[in-house]
Colleague: 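Just dropping this structure here.
First listed ligand is number 1; within each ligand, the first listed atom is number 1. Reckoned from all heavy atoms, side chains included, excluding hydrogens, waters and symmetry mates.
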Amino acid sequence: MTASATTRTALDPSRLRRALGRVPTSVAVVTGVVEGEPVGMTVGSLTSVSSDPPIIGFFAAAQSYTFAQLRQASDLCVSVLSEAQGDVCYGFASRTGAKFDCGEWDTESGPAPRLVSASAWIECTPSMIFDAGDHVGMLAAVTDVEYTDHRPLVFYRGKLARLHPSVTHHPATSRLDWWSL
Ligand SMILES: Cc1cc2nc3c(=O)[nH]c(=O)nc-3n(C[C@H](O)[C@H](O)[C@H](O)COP(=O)(O)O)c2cc1C
């Protein structure tokens with residue numbers, strides 16, 4: 001092993017944040033019901049993990065007060081926010097307050113609240129929780145999905161953004177025709 005491999009300088013956290021801020025993410029609210037009360041939090045870390053069997057995942061801060069509650073729920077719903085739902089994003093990114101006063105919620109269609117007019121809904125049941133540094137990862141088995149044509153909300157460089165209409169028709173898209181979604 002070389003000396004340079006063993007004497008790494010500490011990575012500047014603000015550089016890391018800036019670099020990873022260049023990765024545009026979706027914005028979703030994960031909801032569940034715990035002891036009869038709805039619980040929810042905003043996440044930008046939603047990811048597709050497996051299609052067969054269907055599994056999604058996301059990451060929560062290890063110190064997250066809301067995740068400590070959510071992980072007790074047997075069923076979760078991930079509402080993928082549409083571009084008009086910025087207020088819902090910020091409402092569910094707070095620790096306190098009447099979060100479910102933000103947005104319109106359907107509590108009848110599934111075991112966990114669904115955000116009306118979202119881009120997509122993913123119903124799932126938690127299957128694994130694992131430590132990941134200062135976060136914990138959750139994998140969840142997908143039990144049902146629905147989607148709409150509402151354009152998504154995007155998080156990019158620390159701010160909410162919308163997709164520009166032409167972005168969905170980037171010239172290189174013809175090379176991706178095999179992946180028609
Ligand atoms: C766009 C956006 C994305 C976020 N993504 C995550 C995430 O992936 N994981 C996480 O733990 N918190 C994330 N947060 C922060 C939480 O939503 C928020 O801090 C939390 O729900 C409130 O604090 P608490 O969890 O301690 O109650 C995000 C916030 C915003 C605005």
Colleague: Without swapping roles, check the side chain of Thr148 against the backbone of Ala118 for a donor-acceptor pair under 3.5 Å.
Modeller: yes

Colleague: Could Glu108 and Arg114 be called an ion pair, given the rule that one side-chain N must be under 4.0 Å from one carboxylate O?
Modeller: no

Colleague: For the residue pair Gln85 / Ser82, report whether a side-chain donor-acceptor contact shorter than 3.5 Å exists.
Modeller: yes

Colleague: Has Gln72 got a side-chain atom pairing as donor or acceptor with Ala68's backbone, closer than 3.5 angstrom?
Modeller: yes

Colleague: Write down the atom of Val27, the atom of Cys89, and the distance for their closest heavy-atom approach.
Modeller: CG1-SG, 3.7 Å

Colleague: Check for a donor-acceptor pair, side chain of Thr143 on one end and backbone N or O of Glu123 on the other, with a separation under 3.5 Å.
Modeller: yes

Colleague: When you look for protein heavy atoms under 4.0 Å from ligand 1, which residues do they belong to?
Modeller: Met41, Thr42, Val43, Gly44, Ser45, Phe59, Ala60, Ala61, Ser64, Tyr65, Thr66, Cys89, Phe92, Ala93, Ser94, Arg95, Phe155

